[in-house]
Colleague: 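One structure, pasted below without further comment.
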Amino acid sequence: MKMSKMHVHTLREVPNEAEIPSHILLLRAGMIRKLVSGVYGFMPMGNRILKKIQEIIREEMDAKGGQEILMSALQPAELWQESGRWNVYGPELFRLKDRNDRSFCLGPTHEEIFTDIIRNEVNSYRQLPINLYQIQTKYRDEARPRFGLMRSREFIMKDSYSFDQDQEGLDRSYEDMYHAYENIFTRCGLVFRAVEADSGAIGGTNTHEFTAISEHGESEIAYCGNCDFAATTERAECIDEIGGEAEVLEMEMVETPGCKTILQVADFLGVSTKQTMKALLYKADGKFVAVFIRGDRELNETKLVNALNIPEHALEFADESEMGPITKCVAGYTGPLGLEKCMILVDSELVTMKNLVAGANKENYHIKNLNFKRDFDGDIITDLKLMKEGDACPNCGTPVKMNRGIEVGQVFKLGTKYSESMKAYFKDENMQEKPIVMGCYGIGVTRTMAAIVEQHHDENGIIWPIAVAPYHVIITLVNINDDTQKELADSIYNELNKMRVEVVLDDRDERPGVKFKDADLLGIPIRITVGKKAVEGIVEFNERSKGEKIELKTEEAISMSVEIISNGKSK
RNA sequence: CGGAGUGUAGCGCAGCUUGGUAGCGCAUCUGGUUUGGGACCAGAGGGCCGAAGGUUCGAAUCCUUUCACUCCGACCA
């Protein structure tokens, strides 16, 4: 491709709307264009990258026996009503009506559609297992679209669904997909971790998220440097610190004037914040709930929702003015003693702690030397903490580390959730009718593109890994009016094209500086500069990921390009 | 949905406090000079100043309403 003919419009300045590197650089490089908030289009260069990523995904999915299909984005409400999600999914689902007032939605995910296809076409165990996938546009009406491709309302996703006879089959399918995902993200050049995750709204029992490490990621993960433990913080099970052998003291009410926060109380009484417990007040499905955890801890709302077995949106902060009169709690001084008409949850860590300090449910008073069972109890006692840096790894006890990351893929074991609600059954070899056991597996294709840029850029622009680069080589023709240079550049261009190298020739009537800046911004991995030394058949060879420029004979530059590209592809 | 901010040419911005009919840089087009890290000279085109209403002789500027966009939070794969 000749640059003079290509539709690429780069920007010199940072667009006002963009904040993080992937968003800024993709816009500046003219690879994406925004239509409205959270909706982007892909320009020629950007589209090529998307296709590269998709090709990698296809190869790895096919290698595991996946079969590609393509389903509609427009979905009838009936299927969602059948699965029960029409009423559960909430405002994130784009809903619309046709001219006859029938309800539809734009698919945010495709469990219903795939289950529907399979139940109509699969009757026998002989037809299983099946693994179907598609690469298709998804719609989610995000509360807050953000960071360009990172969280958008329209995005491209690879979603696949496995259908097995039994749990064992599902385990195999899951394992296959897990390995496929490792291959895919590795080939895309991402540094990532597969972490245990919470199963969230889609439902299911077992799930891993593939998280590309990035400071601009929206999820937080905890991992162990010593063993293979890695989990999202919302999922990570915490090891309780043991309270020690201190002598159990008599309970005592003490005046703590104006001490509303844990820090103030601990300070005032001269104890560690670890010696205190705090109350968090919620309304769960309309009922009041008090949660007690150690004063220095943070509550993990995902664990709370799971412990209460309620949908996530049914949990809200309690209004203290409303709650106070009913449960007898006092804002800033809430403790476990004397609470009424209120469910009490206690974090398991408090069980072994000795002589705790808590609010007295009386203005300006706290209670010292509270001990679990002797003085207070809970309706539910379980792990409700948010893991923090330095906590013990649940597998081996080593202090854990934390990272932020971008969730680029997720694998789920769905089990029979959808096959039962939607009646997707098969007959086994004993003529027994059984629900198909399902798994689902997603990759955010457009988000992966953003994640790659987050991990591969410098102050001058993007640095595409060979495997996903829109082109592999850019020939920078320094002076288009110099016939020697022009002829040499043309011949290299033709030669590389003949060898099926994806090459772009920058033959624009621009000054060299402009061409260099654009080449850097666009992130083409290899640059061959044809300048004054063209008369001697010498060109300059430069890898985008490295700084140095070397002078090479034309043939050497070509063969080195080919070598670097084939190395890059096989990685 | 709460909090903050911004809407003026394709992009980045000034003008608004103190109303007088819109400007700068980049980009675009024409001509010329230039050609190894975002050139220079001369000229040109492009905006009912987010929208609606109001105040006024007169509104980008003041007032009201509304819409959009961005950030923080809530929520979410």
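Below, chain A is the first sequence line, B the second, and so on; all start at residue 1.
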Colleague: Picking from B:U35, B:C11, B:A77, which would you name as closest to the side chain of A:R151?
Modeller: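 Out of B:U35, B:C11, B:A77, the nucleotide with an atom closest to A:R151's side chain is B:A77.
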Colleague: Which residues pass the side-chain hydrogen bond (donor to acceptor under 3.5 Å, both in side chains) test with A:S162, sequence neighbours left out?
Modeller: A:Y441
Colleague: For B:A77, does OP1 or OP2 lie under 4.0 Å from any side-chain N or O of A:R140?
Modeller: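 The answer is no; no side-chain N or O of A:R140 sits under 4.0 Å from OP1 or OP2.
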Colleague: A:L477 has an atom CG; how far is it from atom P of B:G36, in whole Å?
Modeller: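 It is 12 Å, rounded to the nearest whole Å.
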Colleague: Output the rounded distance in Å from OH (A:Y282) to P (B:A74).
Modeller: 10 Å
Colleague: For the pair A:W464 (side chain) and A:L522 (backbone), establish whether a donor and an acceptor sit closer than 3.5 Å, ignoring hydrogens and angles.
Modeller: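 Confirmed, A:W464 side chain pairs with A:L522 backbone.
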Colleague: Please identify which of these residues, A:R544, A:R28, A:M31, A:H456, meets the side chain to side chain contact (heavy atoms under 4.5 Å, CB included) condition with A:I462.
Modeller: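 For A:I462, the side chain to side chain contact (heavy atoms under 4.5 Å, CB included) test succeeds with only one of A:R544, A:R28, A:M31, A:H456, which is A:M31.
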Colleague: Are the side chain of A:Y471 and the backbone N or O of A:P525 linked by a donor-acceptor pair below 3.5 Å?
Modeller: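 Side chain of A:Y471 to backbone of A:P525: no pair is present.
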Colleague: Look at the side chain of A:R146 and the base of B:U70, then say whether one donor and one acceptor between them are separated by less than 3.5 Å.
Modeller: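 No pair found.
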Colleague: Pairing check on B:C40: which nucleotide meets the Watson-Crick or G-U wobble criteria with it, both distances under 3.5 Å?
Modeller: B:G32
Colleague: With a 4.0 Å heavy-atom cut-off, tell me which residues in residues 522-544 of chain A come close to RNA chain B, sorted by residue number.
Modeller: A:R527, A:T529, A:G531, A:K532, A:E540
Colleague: Does the B:G37 base have a donor-acceptor partner in the side chain of A:K549 within less than 3.5 Å?
Modeller: yes
Colleague: Could you check how far CD of A:E17 sits from P of B:C13, rounded to whole Å?
Modeller: 11 Å
Colleague: Of the nucleotides B:A77, B:G12, B:U35, which has the atom closest to the A:N479 side chain?
Modeller: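 Nearest to the side-chain atoms of A:N479, counting from C-beta on, is B:U35.
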Colleague: Take atom CZ of A:R33 as the centre, draw a 6.0 Å sphere, and report whether it contains more than 12 heavy atoms from other residues, nucleotides or ligands.
Modeller: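 Check fails, neighbour count at 12 or below.
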Colleague: For A:K52 and A:Q54, what are the C-alpha separation, side-chain angles and deciding distance, and is it a side-chain hydrogen bond (donor to acceptor under 3.5 Å, both in side chains)?
Modeller: CA-CA 5 Å; A:K52 292 282 178 79; A:Q54 292 176 10; over 6 Å; no
Colleague: Find the distance A:E13:CD to B:A9:P and express it as a whole number of Å.
Modeller: 14 Å
Colleague: Salt bridge between A:D518 and A:R508, side-chain N to carboxylate O under 4.0 Å?
Modeller: yes
Colleague: Expected output is a numbered-order residue list: members of residues 19-38 of chain A with a heavy atom under 4.0 Å from any atom of RNA chain B. What is it?
Modeller: A:E19, A:R28, A:K34, A:V36, A:S37
Colleague: Report which part of the nucleic acid A:N16 touches: base, sugar-phosphate, or nothing (heavy-atom distance under 4.0 Å, all strands).
Modeller: sugar-phosphate
Colleague: Determine, for A:R187 against A:E60, whether the closest basic-nitrogen to carboxylate-oxygen distance falls under 4.0 angstrom.
Modeller: yes
Colleague: Mind checking who B:G2 pairs with, Watson-Crick or G-U wobble, both distances under 3.5 Å?
Modeller: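 B:G2 is paired, partner B:C72.
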Colleague: When the nearest nucleotide of RNA chain B is assigned to A:F147 and to A:E92 on a heavy-atom basis, which residue is associated with the more 5' position?
Modeller: A:F147
Colleague: Of all of residues 453-463 of chain A, which get a heavy atom below 4.0 angstrom from RNA chain B, listed by number?
Modeller: none
Colleague: Could you write out each protein N or O paired with an N or O of nucleotides 3-5 of chain B at a distance under 3.5 Å?
Modeller:
none

Colleague: Using the rule given for side-chain hydrogen bond (donor to acceptor under 3.5 Å, both in side chains), can you reason through A:E407 versus A:S219, listing the C-alpha separation, both sets of side-chain angles and the distance that settles it, and then say yes or no?
Modeller: CA-CA 7 Å; A:E407 186 196 332; A:S219 35; 5.2 Å; no
Colleague: Would you call A:R151-A:E142 a salt bridge at under 4.0 Å N-O?
Modeller: yes
Colleague: In residues 298-309 of chain A, what residues come within less than 4.0 Å of RNA chain B, judged by heavy atoms?
Modeller: A:E301
Colleague: Is A:R12 close enough to B:C26 that one of its side-chain N or O atoms is under 4.0 Å from OP1 or OP2 there?
Modeller: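 No, because none of the side-chain N or O atoms of A:R12 sits under 4.0 Å from OP1 or OP2 of B:C26.
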Colleague: We want to know whether A:N131 and A:Y133 form a side-chain donor-acceptor pair, criterion being a heavy-atom distance below 3.5 angstrom.
Modeller: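 Per modelled atom types, A:N131 and A:Y133 side chains form no pair under 3.5 Å.
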Colleague: The side chain of A:A143 lies closest to which of these nucleotides: B:C75, B:G73, B:U35?
Modeller: B:C75
Colleague: For A:E237, look at atom CD and say whether over 12 heavy atoms of other residues, nucleotides or ligands are found less than 6.0 Å away.
Modeller: no
Colleague: Using a 4.0 Å heavy-atom cut-off, does A:E218 contact any base of the nucleic acid, only the sugar-phosphate backbone, or nothing at all?
Modeller: nothing
Colleague: Please state how far atom CG in A:D518 lies from atom P in B:A27, giving the value in whole angstrom units.
Modeller: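 The distance from CG of A:D518 to P of B:A27 comes to 11 Å, rounded to the nearest Å.
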Colleague: With a 3.5 angstrom cut-off on both distances, give the Watson-Crick or G-U wobble partner of B:U56, or none if there isn't one.
Modeller: none
Colleague: Once you apply the 3.5 Å cut-off to both distances, tell me the Watson-Crick or G-U wobble partner of B:U66, or none.
Modeller: B:G50
Colleague: Looking only at side-chain atoms of A:V478, point me to the closest of B:G38, B:G36, B:G37.
Modeller: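 Nearest listed nucleotide: B:G36.
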Colleague: Using both distances under 3.5 Å as the test, list the Watson-Crick or G-U wobble partner of B:G25, or none.
Modeller: B:C11
Colleague: Does A:V191 offer a backbone N or O that forms a donor-acceptor pair with the side chain of A:Q455 under 3.5 Å?
Modeller: yes
